[in-house]
Amino acid sequence: MRIQRVSSKWAKTAVILQNRLLAIFIPETRKYKMEHLSELLEVYGTVYIKPDRGTYGTGVMRAERRTVHLSPSGQQPDLEDTAADSGVPETREQVMYILRYAKDAEVYNSVEELHAALISKIKGRPYLVQQGIDLLCHQGRPFDLRVLTQKNPGGSWETTGMLGRVAAPQKVVTNYHNGGSIISVEALFKEHMKPGEMAKTIQQLKSLGVKIAAQLETAYPGLKEIGLDVAIDQHHDLWLLEVNTLPAIMVFKMFPDKSIYRRIHRYAVAYGRLKRTRPATRPRRKLLSKL
């Protein structure tokens, strides 16, 4: 059977949301329009605007709603001057909107201006707007996780690999193709968790991969592999950002434990994604006839 691929993030999200036990892992996600952008920014302060179809983090943008306190001159008050002055300085609140993409940032005075800027970049393509998650960081840079789940030769779902992706400096996304760094999950977790919590979280990730795969399979029976992009927030809660049905697997080759990739490769061969590699054969020696 041909391996099924599903490119629409919205379609996959809709299937997962049908399971109330899994829906709690999905950040609030809506189809992009200005009303949804405004509402989610009002509630969460930060949102991600991402294409419904696409990979490698291409086209992903982040918008933030900030409230600043301005002095009558239009500048933020100087804290040292304020401390020295016995009077209370008059200030006014102003809401500003910041749009970040790649390494650039733009500031707008209203959600309408922000929307107009986004529309010029979206160019009529279907986009989603998603609740922003306050990610855990490694050396000051946010990271998320990729969890690989595959059909094993027995026909059951099994989580076979996971890794951490640390964003490049000033980048909006963590993807390796956008300059992100690949680091083991254990190395990232030990900065934030004790051994017991680390082991429990890793087991939760493995279980989540299997449950998400099984749920998606109810709508897409030809699935054989998925890659989950999972965020961990400051409270160590798990959030499923999106699911990829053509996940990268070669990246797992870089880890010292080669048994991880060997199993991933063996499963991918079994369900037809990869071809079986033939072992190198030694050339036969020519038999010399006796004189």
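The shortest distance between side-chain heavy atoms of V47 and I49 falls below 4.5 Å.
Side chains of S8 and R53: a donor-acceptor N/O pair is absent below 3.5 angstrom, by distance only. Of the N and O atoms on the side chains of T159 and T149, at least one donor lies less than 3.5 Å from an acceptor on the other residue. In summary, the side chains of Y271 and Q150 do present a donor paired with an acceptor at a separation below 3.5 Å, with no hydrogens or angles considered. Between Y101 and E106, the side chains place a donor N or O and an acceptor N or O closer than 3.5 Å (distance only, hydrogens not considered). No side-chain donor-acceptor contact under 3.5 Å links Y97 and H115. Counted by atom type alone, W157 and E217 present one or more donor-acceptor pairs between their side chains at under 3.5 Å. For the residue pair K151 and Y267, no side-chain donor N or O sits within less than 3.5 Å of a side-chain acceptor on the partner.
In this structure a side-chain-to-backbone donor-acceptor pair under 3.5 Å is present from Q215 to V15. Of the possible polar contacts, none joining the Q94 side chain to the T67 backbone as a donor-acceptor pair under 3.5 Å is found. The backbone N or O of A199 lies less than 3.5 Å from no partner atom in the side chain of Q203, so there is not a single donor-acceptor pair. Formation of a donor-acceptor pair under 3.5 Å by the H192 side chain with backbone atoms of C137 is found in this model. Under the 3.5 Å distance criterion, the side-chain polar atoms of S38 are left unmatched by any main-chain donor or acceptor of M34. Side-chain N or O atoms of R62 include none that pairs as donor or acceptor with a backbone N or O of R100 at under 3.5 Å.
Within a 6.0 Å radius of NZ in K190, no more than 12 heavy atoms belonging to other residues, nucleotides or ligands are found. Annotation: K258, atom NZ; neighbour count of heavy atoms from other residues, nucleotides and ligands within 6.0 Å is above 12.
Put simply, M254 and L163 are part of the same group of oily side chains (I, L, V, M, F, W, Y) that touch within less than 4.5 Å, one to the next.
Put simply, CG on L17 and OG1 on T29 are 7.5 Å apart, with the number rounded to the nearest 0.5 Å. Summarising the geometry, atom CG belonging to L223 is positioned 9.0 Å from atom NZ belonging to K12; distances are rounded to the nearest 0.5 Å.
Every pair passing salt bridge (Lys or Arg N to Asp or Glu O under 4.0 Å) that includes a residue from residues 23-38 is listed here, sequence neighbours excluded: E28-R30, R30-E39.
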### Message
If you apply the rule side chain to side chain contact (heavy atoms under 4.5 Å, CB included), what do you find for D257 with F252, and how did you get there?
### Response
CA-CA 9 Å; D257 184 356; F252 289 94; over 6 Å; no

### Message
Pair D52, R125 - check salt bridge (Lys or Arg N to Asp or Glu O under 4.0 Å), show working.
### Response
CA-CA 8 Å; D52 182 45; R125 294 167 293 181; over 6 Å; no

### Derivation and outcome, side chain to side chain contact (heavy atoms under 4.5 Å, CB included), residues L136 and H236
CA-CA 8 Å; L136 288 183; H236 299 183; 4.0 Å; yes

#### Entry: Verdict with supporting geometry, R65 and Y44, side chain to side chain contact (heavy atoms under 4.5 Å, CB included)
CA-CA 9 Å; R65 183 183 187 275; Y44 301 111; over 6 Å; no

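Closest approach of L216 to I16, counting heavy atoms only: CD2-CG1, 4.0 Å. Among all heavy-atom pairs drawn from V68 and M96, the shortest one is CG2-SD, 3.6 Å. In terms of heavy atoms, T160 sits closest to R263 at O-NH2, 3.4 Å. Summarising the geometry of P247 relative to R273, their closest heavy-atom pair is O-NH1, 2.7 Å, with the distance given to 0.1 Å. Across K9 and P51, no two heavy atoms sit closer than the pair NZ-O, 3.0 Å. In terms of heavy-atom proximity, P221 sits nearest to Q4 at N-OE1, 3.4 Å.
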Would you be so kind as to tabulate the donor-acceptor pairs closer than 3.5 Å made by side chains of residues 205-212, with sequence neighbours excluded?
none

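Applying the under-4.5 Å side-chain rule to Ile, Leu, Val, Met, Phe, Trp and Tyr, the cluster around W10 extends to L128.
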